[in-house]
Number of protein chains: 2
Amino acid sequence: MGMGVIETTKKRAQAVETAVELPRELPVGQILDGDCIAAMKRLPTASVDLVFADPPYNLQLGGDLNRPDGSHVDAVTDDWDRFDSFQTYDAFTKAWLAEAKRVLKPDGALWVIGSYHNIFRVGAILQDLGFWILNDVVWRKANPMPNFRGTRFTNAHETLIWASQGEKAKYHFNYRAMKTLNDELQMRSDWVLPICGGQERLKEGGTKVHPTQKPEALLYRVLLSTTERGDVVLDPFFGTGTTGAVAKRLGRQWIGCERDSIYRGAALKRIEKELPLDESALTTMQAGRSAPKVAFGALVENGYITPGTQLFDKQRRWLATVRADGSLMCGKQAGSIHGLGKDLQGAPSCNGWTFWHYEVDGDVKPIDAARQVYLLAVED
Amino acid sequence: MGMGVIETTKKRAQAVETAVELPRELPVGQILDGDCIAAMKRLPTASVDLVFADPPYNLQLGGDLNRPDGSHVDAVTDDWDRFDSFQTYDAFTKAWLAEAKRVLKPDGALWVIGSYHNIFRVGAILQDLGFWILNDVVWRKANPMPNFRGTRFTNAHETLIWASQGEKAKYHFNYRAMKTLNDELQMRSDWVLPICGGQERLKEGGTKVHPTQKPEALLYRVLLSTTERGDVVLDPFFGTGTTGAVAKRLGRQWIGCERDSIYRGAALKRIEKELPLDESALTTMQAGRSAPKVAFGALVENGYITPGTQLFDKQRRWLATVRADGSLMCGKQAGSIHGLGKDLQGAPSCNGWTFWHYEVDGDVKPIDAARQVYLLAVED
DNA sequence: AAATGACCTGAATCCAACA
DNA sequence: ATGTTGGATTCAGGTCATT
């Protein structure tokens with residue numbers, strides 16, 4: 001697979017050098033120096049599982065922004081400069097998003113965080129590039145900075161976008177882990193988390209090392225929800241390495257890009273100290289579909305449900321008989337627990353495990369109860 | 001001031017006709033028929049104080065969706081939400097936003113609501129047109145529809161953008177009213193409100209009249225925060241007239257655009273029944289005050305206590321009127337439920353929840369009773 | 001009457017592994 | 001590619017009938 005780098009004659013010599021320094025193996029556990037676009041160009045196509053990006057929010061803070069012709073952008077006051085700077089920001093955004101898309105595996109995903117200053121541009125551009133938005137997630141800050149002048153609403157949130165490679169692309173979502181994390185309710189698109197402060201906030205001589213250090217809890221949720229253990233996570237705007245620290249803790253591999261040597265030093269020191277969680281802690285709740293599947297026939301086979309047992313729906317509209325092969329019969333109709341339930345109701349689908357019930361010791365229980373008992377017995 | 005219409009010789013005759021039917025006076029209290037872009041072109045430049053827009057979201061839904069119990073989800077599949085491509089949607093968005101900008105006064109403002117399907121494109125385009133984003137506001141739905149297949153995070157919010165005419169433009173923000181409404185805390189950029197249902201939801205023969213009717217509490221907060229009494233509010237996507245109904249209630253003037261005659265009919269009927277709040281209820285807090293603990297304003301906003309309601313102490317020594325922002329007025333004195341109670345009694349402190357009473361169905365109850373009802377409804 | 005429970009619904013880009 | 005099949009999947013609030 002090619003590197004996707006546009007090779008001009010000028011750049012070719014450099015590319016050869018790079019090939020010596022960075023062979024095909026991914027530079028996991030490393031912070032790549034320099035501009036993130038150039039750094040990403042040195043990574044192989046379709047090689048990382050997740051990109052998490054916290055790009056500069058505007059031109060004033062993003063000192064690495066230049067016009068396409070290379071000239072530097074400074075004052076952003078009048079209308080012309082505003083227009084010019086939006087254009088410049090868009091070009092920069094398009095460039096790094098395109099590289100991120102190339103580097104991602106087909107079933108990889110992208111997270112970007114931003115505020116109203118930049119997130120609308122970022123969102124529109126990633127849609128234009130073919131990314132498919134899966135959710136926008138609101139980080140609701142538990143303790144935001146107040147609006148001191150009383151001129152607007154307290155800016156109390158930031159927005160994250162989660163996107164796959166395209167409309168039909170696969171992606172990973174640990175639904176069950178999120179539901180468990182959220183007290184057995186589906187995790188919503190609004191996350192209430194405190195801002196980064198206290199012991200977690202990196203400081204040097206009393207002043208914060210990085211102006212926009214993100215809370216680890218935010219990365220924890222991002223990585224736990226959309227990566228698996230061992231996955232490679234790329235952060236093009238690594239800063240002080242929150243992504244790397246949480247990735248290491250959660251048993252994920254990481255790659256960073258960062259042009260500021262002070263941030264790089266702080267990040268490496270920080271990640272060095274981080275301890276990975278141990279095996280047992282990293283085992284999360286599994287979704288039903290990756291849990292061992294149980295055929296209804298196995299319950300019959302093993303005597304948990306006897307052939308001839310009468311099953312019925314909760315309203316007792318239909319009565320079916322269990323046959324020796326685990327199929328059901330109701331009148332002249334027969335089929336699997338799911339298929340028969342579907343046909344009888346004329347529904348598009350049916351979960352037979354919760355639809356069919358049976359009597360046991362005078363109680364009415366869904367047949368799923370028998371499956372639970374069976375699973376407990378088999379697990380040992 | 002000109003009409004801003006590009007006058008070709010063909011259109012001139014029509015323009016004269018229009019001038020007869022729609023003279024310089026704004027068509028306040030009217031719903032303009034037809035496409036909103038064409039309708040807005042008939043309005044004078046710099047004539048309205050606020051635009052609130054709930055444009056099509058371009059949902060791009062796939063096949064059918066069923067709940068786990070097999071029931072069918074009634075999706076938004078209306079023609080008005082279908083666009084060929086992002087390009088088509090962008091062109092449409094740019095056209096109506098440009099008209100909105102022309103029609104707005106120099107110190108006017110724009111609100112747009114959307115979801116991740118469209119809001120990034122809308123936000124980027126309005127920035128390109130020179131609008132200056134003041135806040136993005138998140139409507140956190142108290143009761144969103146779950147993600148039935150467990151494939152993503154529950155899509156539990158929508159996003160509003162509030163923008164002025166430009167970076168240097170003036171705009172209106174009723175900081176004090178918002179702070180009072182939010183229990184003496186600055187109003188944040190995330191608003192928790194239930195979706196529109198129950199009695200508020202317009203129905204005809206048991207089915208909803210409009211698939212995406214917005215809750216009145218949302219418009220209440222928008223109009224109270226960024227308009228003054230008598231201001232003209234334009235809604236280019238009027239639908240069933242939530243904007244008009246709340247505007248009338250709050251003593252604002254309104255203009256709507258709507259091409260569907262069924263929606264227009266329902267909106268006119270609805271607004272007809274709406275009663276404006278009286279003078280005293282509409283006077284909101286202008287000066288600072290300290291106190292309460294639970295937001296009395298939330299009860300007002302959500303209709304548990306109507307602005308204009310008369311409150312009194314148990315001995316009926318004082319009579320106070322509830323105002324739109326949740327403050328009380330008694331004679332010339334005004335304040336929060338606690339502060340005013342304290343001042344009137346000359347006491348060091350006062351628990352407004354137990355001090356103030358109101359009549360409901362002939363019974364006299366402390367306002368704390370309304371809080372209890374509200375808490376039961378809101379609690380999670 | 002108050003409490004309980006069944007049933008319905010809401011701006012939704014909603015499956016995966018086979019043959 | 002495309003169709004088929006197995007089987008996994010929901011929260012809050014309102015309405016209305018029943019206890």
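Letters A, B, ... are given to chains in the order of the sequence lines, protein chains preceding strands, and every chain is numbered from 1.
- Nearest to the side-chain atoms of A/S336 among the listed nucleotides D/dT9, C/dG10, D/dG6 stands D/dG6.
- Note on B/E216 versus B/R270: salt bridge recorded, some NZ/NE/NH1/NH2 to OD/OE distance being below 4.0 Å.
- Comparing the C1' positions of C/dG10 and D/dT10 gives a spacing of 12 Å, expressed to the nearest Å.
- In this structure, the nucleotide among C/dA12, C/dA11, D/dG7 sitting nearest to the side chain of B/I195 is C/dA11.
- Closest contact between the side chain of B/Y116 and the listed nucleotides D/dT15, D/dC11, C/dT13 involves C/dT13.
- At a cut-off of 3.5 angstrom, the base of C/dA11 holds at least one donor-acceptor pair with the side chain of B/K214.
- Across the protein-nucleic acid pair, A/Q186 atom CD and D/dT9 atom P stand 11 Å apart, rounded to whole Å.
- Evaluation of A/W132 against the base of C/dT13 yields a stacking contact (centre distance < 5.5 Å, interplanar angle < 30°).
- Atom CD in B/Q60 sits about 10 Å away from atom P in C/dC14, given to the nearest Å.
- Between the side chain of B/R152 and the base of C/dT13, a donor-acceptor pair under 3.5 Å is found.
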Evaluation steps, side chain to side chain donor-acceptor pair (under 3.5 Å), between B/S115 and B/H117
CA-CA 5 Å; B/S115 66; B/H117 310 86; 2.6 Å; yes
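- Looking at heavy-atom distances under 4.0 Å, B/G114 makes no contact with the nucleic acid at all.
- If you take atom C1' in D/dG7 and the same atom in C/dC18, they sit 13 Å apart, rounded to whole Å.
- Computed from coordinates, the B/N118 CG to C/dA11 P distance equals 15 Å when rounded to whole Å.
- For C/dT13, the OP1/OP2 oxygens have a side-chain nitrogen or oxygen of B/N155 closer than 4.0 Å.
- Pairing analysis of DNA chain D (Watson-Crick: purine N1 to pyrimidine N3 plus N6-O4 or O6-N4; G-U wobble: N1-O2 and O6-N3; both under 3.5 Å) yields stems of 3 or more pairs at C:2-10 with D:11-19, C:15-19 with D:2-6.
- At the heavy-atom level, B/D54 lies under 4.0 Å from base atoms of the strands shown.
- One P atom belongs to D/dT9, the other to C/dA11, and the distance between them is 26 Å to the nearest Å.
- Note: B/N155 CG to B/N147 CG = 9.0 Å, rounded to the nearest 0.5 Å.
- Spacing of C1' atoms, D/dT18 relative to C/dA1, comes out at 13 Å, to the nearest Å.
- Among the protein residues, B/D81 comes within range of the nucleic acid bases, having at least one heavy atom under 4.0 Å from a base atom.
- Looking at which nucleotide of DNA chain D each of A/S349 and B/N147 is closest to, the 5′-most match is held by A/S349.
- Atoms CD (B/Q213) and C1' (C/dT9) sit 14 Å apart, rounded to a whole Å.
- Proximity of B/K208 to the phosphate of C/dG10: a side-chain N or O atom is located under 4.0 Å from OP1 or OP2.
- Remark: the A/T226 side chain and the A/H172 side chain contain no N/O donor-acceptor pair separated by less than 3.5 Å.
- Taking only side-chain atoms of B/F148, from C-beta outward, the nucleotide of C/dG10, C/dT13, C/dA11 with the closest atom is C/dG10.
- Contact annotation: A/Y175 side-chain N/O to D/dT10 OP1/OP2 distance is under 4.0 Å.
- A/D128 has a carboxylate O that lies under 4.0 Å from a charged side-chain N of B/R121, or vice versa, which qualifies the two as a salt bridge.
- The pair A/E184-A/R176 counts as a salt bridge, with a side-chain nitrogen and a carboxylate oxygen less than 4.0 angstrom apart.
- Contact check on B/R188 versus B/D190 returns a salt bridge, with a Lys/Arg side-chain nitrogen under 4.0 Å from an Asp/Glu carboxylate oxygen.
- Between C/dC14, D/dG6, C/dA11, one nucleotide has an atom nearer to the side chain of A/H338 than all others, and that is D/dG6.
- Heavy atoms of B/P55 sit under 4.0 angstrom from at least one base atom.
- Side chain B/R201 to base D/dG13: no donor-acceptor pair is found below 3.5 Å.
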Set out, in order, the CA-CA distance, both residues' side-chain angles and the distance that settles side chain to side chain donor-acceptor pair (under 3.5 Å) for A/S225 and A/R221, then state yes or no.
CA-CA 6 Å; A/S225 63; A/R221 198 172 286 186; over 6 Å; no
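- The NE2-C1' distance, from B/H72 to C/dC8, rounds to 15 Å in whole Å.
- The phosphate of D/dA8 (OP1 or OP2) has a side-chain N or O of A/W353 nearer than 4.0 angstrom.
- For the OP1/OP2 pair of C/dC15 and a distance below 4.0 Å, the side-chain nitrogens and oxygens of B/R149 include at least one atom meeting the criterion.
- Distances shown here put every side-chain N or O of A/K342 at or beyond 4.0 Å from the OP1 or OP2 atom of D/dG7.
- Listed nucleotides: C/dT13, C/dA11, D/dT9. Nearest to the side chain of A/N351: D/dT9.
- Rounded to an integer number of Å, the gap from CZ of B/F86 to P of C/dT13 is 13 Å.
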